[in-house]
Number of protein chains: 2
Amino acid sequence: MTPQARPRERLLDAAGELFYRDGVNVGVDALCKAAGVSKKSMYQLFRSKDELIAETVASQGRQYQRALEPGPEDGSTPRERILTVFQRQDRLATGDSFLGCPFVNAAVELKNPEHPGSVVARHFKQRLTDFFEVQLVAAGVEDPESLAIQLTIVFDGASARAVVRAQALAGVGVAMAATLLDSAGVPAEEFASQAK
Amino acid sequence: MTPQARPRERLLDAAGELFYRDGVNVGVDALCKAAGVSKKSMYQLFRSKDELIAETVASQGRQYQRALEPGPEDGSTPRERILTVFQRQDRLATGDSFLGCPFVNAAVELKNPEHPGSVVARHFKQRLTDFFEVQLVAAGVEDPESLAIQLTIVFDGASARAVVRAQALAGVGVAMAATLLDSAGVPAEEFASQAK
């Protein structure tokens, strides 16, 4: 880690935490204070607050993605890999610190689809849909693209429910995803023998 | 309308527009300016900005609900009445000014489930679920409560999709809701003869 890299990472970490907890409207002063970085240094590292927002969404994005998606090849079936995402969401949403999907939050708060932060949020949301689609292609379903979009809608709807109600999801997203997979002919045991 | 009522309504209207367009963090000065009301008058009408937020969410809530839900008795079937909500959402989400469900937005932005605005948002979100449930009971489905929650999740997921992508939904929410109703045995024509 170069000495120049440290303030940058401190800023991204502090911004990730503050944006998620308090929203993207957090002031630059509060951000710099939390990161222990001067405003001058901040503007040497990022051209603008908008650029910092976009890079923060990207940095959070990678973390959130790792927290949700199973690793590349762990011997599980496509169905299991999809349901893992919903099980992990269910677990995340149980925590008091859960305040929703960081990408949806960024888009909601920025209120401008052209903002660089909204563009990054859209990219990461699309990556989740792509993850679902790859699994659905592997499972051989008829219309993987549509089903991947439907699973993303269930994911975001469940996330909104957890935020609005401030209560655990209690498996409702997992159950809906499982029902969608059942209807598309991706039953529980289809690939299990192959994976063993 | 009493002379006292006018500034109050101007404030609620201006706050509804500004909160939706710019977020609940809009300053009191900007709000009062948009409403053409002095800060002193504002604090005579509302005890705090938090109270103004809560009343604005409630006022917006009633408008949003009227825009989505069909009237009490129009001769349509429970299925049609449920799908009307999704068709109207689809139409609303097509507009450039669509920035998501005002209740989910309030909960996302306030980041505090105890905030009076979050409490009002939760109440209105529950009313949508209740609307679905009443229709599902009328349609005689087996587990109206669960299906009403699932329909709400589809509604919020579709809304999030429209915000994140800033594109029309092109019927994806309507189609998912229709599939859920099909699976629950609420087919297209079941109540049509009765309604005629």
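Chain letters run A, B, ... following the sequence lines, proteins first, then strands; residues in each count from 1.
When the candidates V172(A), V154(A), I149(A) are compared by the number of heavy-atom contacts under 4.5 Å with chain B, I149(A) comes out ahead. Interface summary for chain A: among L180(B), V164(B), V24(B), the most heavy-atom pairs under 4.5 angstrom belong to V164(B). Heavy-atom pairs under 4.5 Å with chain B were tallied for A166(A), G100(A), A158(A); the largest tally goes to A158(A).
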Distance-only criterion, 3.5 Å: which donor-acceptor pairs connect chain B and chain A?
unit_1	atom_1	unit_2	atom_2	d
E109(B)	OE2	K111(A)	NZ	2.6
K111(B)	NZ	E109(A)	OE2	2.7
R122(B)	NH1	V164(A)	O	3.2
Q126(B)	OE1	R165(A)	NH1	3.3
V164(B)	O	R122(A)	NH1	3.2
R165(B)	NH1	Q126(A)	OE1	3.3

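For F131(B), there are no ring-ring contact (aromatic ring centres under 6.0 Å, His included) partners two or more places apart in sequence or in a different chain. Listed by chain and number, the residues in a side chain to side chain contact (heavy atoms under 4.5 Å, CB included) with A34(A) are A14(A), L18(A) (sequence neighbours excluded).
In this structure the side chain of F103(B) reaches within 4.5 angstrom of the side chain of V57(B), judged on heavy atoms.
Follow the hydrophobic side-chain contacts under 4.5 Å out from V119(A) and you never reach V108(A); the two are in separate clusters.
The structure places CG of L151(A) at 11.0 Å from CZ of F155(A), a figure rounded to the nearest 0.5 Å. Interatomic distance, CD1 of I82(A) versus CG of L181(A), reported as 5.0 Å (0.5 Å rounding).
Of all heavy-atom pairs spanning L45(B) and P7(B), the tightest one is CD1-CB, 3.8 Å.
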